[in-house]
Structure formats: structure tokens, C-alpha cells
Amino acid sequence: MPKSGFVHLVGAGPGDADYLTIKAARLITQARLVVHDRLVGRGVMDLIPKDAEVISVGKESDHHILPQPQINELLLKLAMDGRDVVRLKGGDPFVFGRGGEEAMYLAAHDIGFEIVPGVSAAVGCAASTGVPLTHRGLATSVRFVTGHLRENDGLDLDWKSLADPACTLVVYMGIANAGKITEGLLGAGLAPQTPAMLIENGTTPQQRVMRTTLAELPAAITAHCFHPPSLMVIGKVVDVGAVLEQGMGKQ
Ligand SMILES: C[S@@+](CC[C@H](N)C(=O)[O-])C[C@H]1O[C@@H](n2cnc3c(N)ncnc32)[C@H](O)[C@@H]1O
């Protein structure tokens with residue numbers, strides 16, 4: 001019987017390698033085998049030892065992404081072969097990262113694993129653009145939602161509960177459906193002038209930021225050609241970010 005290996009489900013953060021946890025950095029720099037998603041930052045990838053084996057399960061260049069069941073199978077096989085696997089995932093493994101599914105699969109097959117948290121895109125992008133996700137008097141809560149549609153499914157969001165002017169809304173994977181999201185929120189009563197912003201490639205040298213209003217969001221995405229990976233932030237705190245960003249970086 002081969003000795004069973006171990007899988008570290010590691011959050012790689014939103015892009016900037018400086019946002020890695022110390023534990024994630026230690027695992028990555030000592031890795032012998034890395035299985036990674038396409039949204040892992042270049043600086044993070046550069047920390048992997050040059051002689052380590054690296055398996056990509058999502059290549060942006062040819063839009064080829066290994067289906068989730070095959071990723072689960074791959075992790076299982078590597079662990080059954082006795083390998084110590086660093087499974088690198090963008091942001092936090094348990095925030096819209098399907099890390100839960102991978103962990104469930106490993107658990108069902110009695111494979112040892114651990115979860116190493118990462119800075120999720122919402123938190124990293126907000127910090128790097130000066131947006132306090134909650135702010136006294138402006139936002140008493142924050143919600144992370146996905147704007148992604150499963151094939152043949154509609155956007156199944158509860159617009160009434162999301163259209164809360166005292167809540168900051170962060171939409172992951174939402175730019176393709178920005179029209180529907182805007183429509184849903186406006187229809188549920190959120191004010192058209194609610195501040196909104198887009199962050200593309202947050203925390204990386206390619207970061208782009210655009211501020212607008214909820215009503216103008218879809219047109220602004222088209223006009224400024226925003227592409228994934230991008231986040232939408234909707235709420236009054238966007239205006240605070242516009243002020244704080246001016247002061248950021250001053251010594
Ligand atoms: C499959 S989800 C993975 C989220 C990840 N697990 C996390 O915690 O950030 C991918 C989406 O996260 C968002 N995202 C990830 N990294 C980003 C970045 N650097 N800038 C803006 N959005 C990002 C985008 O909405 C992207 O489409």
C-alpha cells in the first residue's frame with residue numbers, strides 16, 4: 001500500500017505576493033509539487049522553487065480549465081501516490097473558490113488535508129483602493145455575492161435583500177452580468193446614484209480602477225473595456241475610498 005500524501009489547500013491572495021500569509025509563503029517556497037489555478041499572481045508563482053513540479057489546472061491563454069471533478073480526481077491521485085501537494089488557489093480557498101468541494105472530496109477518500117486562508121479579492125482590492133468595506137454611518141454590513149451564472153441558470157439573487165443602502169455589496173465574477181445586476185438592484189429600490197466602482201486585476205501592477213454610479217455601471221464597463229478578473233463594489237463607502245486613496249502612500 002502506498003503511503004497516502006497530504007494536500008494543503010492554500011489561499012494565494014488577490015495577486016500581490018506581499019499579501020500571502022506567512023504560512024502560505026512557507027509552504028509555497030518549500031513546495032515540491034504545486035497544483036494551481038489561473039488566478040494566482042505572478043509574484044506568488046515566482047516563489048515556487050524552480051525544480052518543483054507545477055501543474056496548471058486553468059490556463060488563461062487557451063481558456064482551458066480542467067473541470068472540477070477532474071481536479072478533485074487529480075488531487076486524490078497525487079495524494080494516493082504519497083505526494084505532498086500544495087494546491088494554490090486565488091484569494092481565499094473557501095470564498096467562491098470551490099475549495100470546499102475539493103476538501104469534501106479529499107475527506108470522503110480519507111486523505112489528509114488542511115486549509116490555509118488567503119486574502120480574498122474583496123478584502124485585498126478594497127484595502128488597495130482605500131475602500132473601507134464597513135464604515136460607521138455608511139455601511140453596517142458587507143455582502144460578497146457571485147454574479148456568475150451557471151449554464152442555463154438565471155441569476156438567482158435575492159434583490160430585495162441586496163438592495164440595502166446600509167450594506168456594501170461586493171460582486172465577484174459579475175461584469176458579464178452587470179446589466180442584470182444593475183437592473184435587479186434598481187428594480188428592488190436601490191438609488192441609481194449609489195456609488196459604484198470596478199477594480200480589475202486588483203493589487204497587481206495591472207490594477208485598474210473606475211468609479212461611477214450604479215445606474216451607469218454597465219455602460220462604464222463597456223466604455224472602459226473592463227475584463228475579468230474584476231470586482232464590482234456598490235455602496236456609499238466607494239466615496240470614502242475616493243478620498244482615502246488620495247492620502248495613501250504619503251509618508
Ligand atoms: C473564481 S473567483 C475566486 C475568488 C477567490 N477565491 C477569492 O477569494 O478572491 C474569481 C473572481 O474573483 C475576483 N477576483 C479575483 N482576483 C481578483 C483581482 N486581483 N482583482 C479583481 N477581482 C479579482 C473576480 O471577480 C474573479 O472573476
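The figures that follow rest on heavy atoms only: side chains count, while hydrogens, waters and symmetry mates do not. Small disclaimer: the values here were computed from a predicted structure and weren't measured. Counting convention: from 1, in listed order, for ligands and their atoms alike. Starting from 1, each residue takes its place in the sequence as its number.
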Heavy-atom gap Pro14 to ligand 1 smaller than 4.0 Å: yes

Donor-acceptor contact present, side-chain Glu200 to main-chain Ser230, <3.5 Å: no

Side chain to side chain contact (heavy atoms under 4.5 Å, CB included) involving Thr194 - partner list, sequence neighbours excluded: Leu190, Ala191, Leu214, Ile234

Donor-acceptor pairs under 3.5 Å, side chain of residues 15-27 to any protein atom, not counting sequence neighbours: which ones?
| unit_1 | atom_1 | unit_2 | atom_2 | d |
| --- | --- | --- | --- | --- |
| Asp16 | OD1 | Asp18 | N | 2.8 |
| Thr21 | OG1 | Ala24 | N | 2.9 |
| Lys23 | NZ | Glu114 | OE1 | 2.8 |

Residue portion contacting ligand 1 (non-hydrogen atoms closer than 4.0 Å) for Ile199: backbone

Contact with ligand 1 for Lys89, non-hydrogen, under 4.0 angstrom: no

Contact check: Pro93 vs ligand 1, nitrogen or oxygen atoms, below 3.5 angstrom: no

Heavy-atom closest contact (Ser128 atom, Gln207 atom, distance): OG-OE1, 3.1 Å

Sidechain-backbone polar pair: Thr140 side chain, Arg136 backbone, donor-acceptor under 3.5 Å: no

ILVMFWY cluster, Leu66 and Val54 together (side-chain gap under 4.5 Å): no

For Phe96, the ligand 1 atoms whose distance to one of its heavy atoms is below 4.0 Å: 1 (C), 2 (S), 3 (C), 4 (C)

Whether Asp37 side chain and Lys89 backbone form a donor-acceptor pair below 3.5 Å: no

Asp92-ligand 1 polar pair, N/O distance under 3.5 Å: yes

Transitive ILVMFWY side-chain link Leu33 to Leu106, under 4.5 Å: yes

Protein contact to atom 5 (C) of ligand 1 [nearest heavy atom, distance to 0.1 Å]: Gly90 O, 3.2 Å

N or O contact, Val95 vs ligand 1, cut-off under 3.5 Å: yes

Shortest protein heavy-atom distance from atom 20 (N) of ligand 1, along with the residue and atom involved: Gly202 N, 2.8 Å

Location of contacts on Thr204 toward ligand 1, heavy atoms closer than 4.0 Å: neither

Sub-4.5 Å side-chain heavy-atom contact between Val7 and Arg83: no

Distance (rounded to the nearest 0.5 Å) between Thr222 OG1 and Ile175 CD1: 9.5 Å

Candidate with minimal heavy-atom separation from atom 16 (N) of ligand 1, of Ala121, Pro117, Ser120, Gly97: Ala121

Leu39 neighbourhood, listing ligand 1 atoms whose heavy-atom distance to it stays under 4.0 Å: 10 (C), 15 (C)

Atom 12 (O) of ligand 1: nearest protein contact (heavy atom, Å): Tyr172 CD2, 3.4 Å

Identity of the nearest option to atom 22 (N) of ligand 1, non-hydrogen atoms only, from Leu231, Asp16, Thr146: Leu231

Per-atom contacts of ligand 1 with Cys125, taking only distances under 4.0 Å to non-hydrogen atoms: 20 (N), 21 (C)

Ser230 and ligand 1 - part of the residue with a heavy-atom distance under 4.0 Å: backbone

Ser120 and Phe94: CA distance, side-chain angles, deciding distance, side chain to side chain contact (heavy atoms under 4.5 Å, CB included) verdict: CA-CA 9 Å; Ser120 192; Phe94 277 5; over 6 Å; no

Polar proximity ligand 1 side, Pro228 side, N/O cut 3.5 Å exclusive: no

Top protein contact for atom 27 (O) of ligand 1, by heavy-atom distance: Met173 CG, 3.2 Å

